[in-house]
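The structure under discussion appears below in the form of structure tokens.
The shown structure was predicted, so the numbers you read here are calculated from the model rather than taken from an experiment.
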Amino acid sequence: WRRQVERLLEAVTAFEPSLVMVSVGFDGAQGDEGSTQDGAVGLDLQQEDFEWCGQQIGNLAVTACNGRVVSVLEGGYGAWDGDREEYDRSDLAQNCVAYLRGLERAGKEGRQADAASHAVTAAKAPN
């Protein structure tokens with residue numbers, strides 16, 4: 001799964017976008033109703049996978065378009081709780097937070113790199 005995400009981001013990077021827009025689905029998460037359909041095995045993604053993905057998308061946005069990224073939640077159901085007869089969406093919420101944490105990390109690292117680059121440029125400037 002990660003290799004496929006990397007391949008996709010390589011293609012998007014080559015496109016040189018001025019804005020990154022992502023429809024983020026969480027139904028591939030372990031335990032999510034959408035991850036297994038008709039008894040088939042799903043992706044079973046973990047919070048770490050969503051955080052990694054957010055960071056990769058954030059890195060792309062920082063590099064290509066000054067950090068401009070829009071993410072829209074498009075999928076994820078949660079796990080069916082038969083006792084309460086409703087979906088438990090706590091894992092879905094935690095996966096969303098993990099994705100956002102990855103975006104945030106990429107933004108912080110991008111700002112730190114910019115600050116370091118400006119400091120080096122200022123140090124090299126003639127007096």
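Using modelled atom types, no side-chain atom of R68 and backbone atom of V20 make a donor-acceptor pair closer than 3.5 Å. Without hydrogens or angle criteria, S35 side chain to G31 main chain gives no donor-acceptor distance under 3.5 Å. For N95 (side chain) and D91 (main-chain N/O), a donor-acceptor pair under 3.5 Å exists by modelled atom type. Of the possible polar contacts, none joining the D81 side chain to the Y87 backbone as a donor-acceptor pair under 3.5 Å is found.
Sorted by first and then second residue, the salt bridge (Lys or Arg N to Asp or Glu O under 4.0 Å) pairs with a member in residues 47-60 read R2-D49, E51-R101, E51-R105; sequence neighbours excluded.
A donor and an acceptor atom, one from each side chain of Q55 and E104, are nowhere located under 3.5 Å apart.
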Is there a side chain to side chain contact (heavy atoms under 4.5 Å, CB included) between L92 and Y77 once you walk through the steps? CA-CA 7 Å; L92 172 60; Y77 305 92; over 6 Å; no
Apply side chain to side chain contact (heavy atoms under 4.5 Å, CB included) to L9 and I57, showing your working. CA-CA 7 Å; L9 293 177; I57 291 168; 4.2 Å; yes
Would you check, one step at a time, whether the test side chain to side chain contact (heavy atoms under 4.5 Å, CB included) holds for V22 with Y99? CA-CA 12 Å; V22 183; Y99 171 80; 4.2 Å; yes
W80 vs E85, test: side chain to side chain contact (heavy atoms under 4.5 Å, CB included). Steps then yes/no. CA-CA 7 Å; W80 181 252; E85 295 189 13; 4.2 Å; yes
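Think of V70 as one node in a network of Ile, Leu, Val, Met, Phe, Trp and Tyr side chains linked at under 4.5 Å; its network also takes in L19, M21, V72.
Note on E6 versus R3: salt bridge recorded, some NZ/NE/NH1/NH2 to OD/OE distance being below 4.0 Å.
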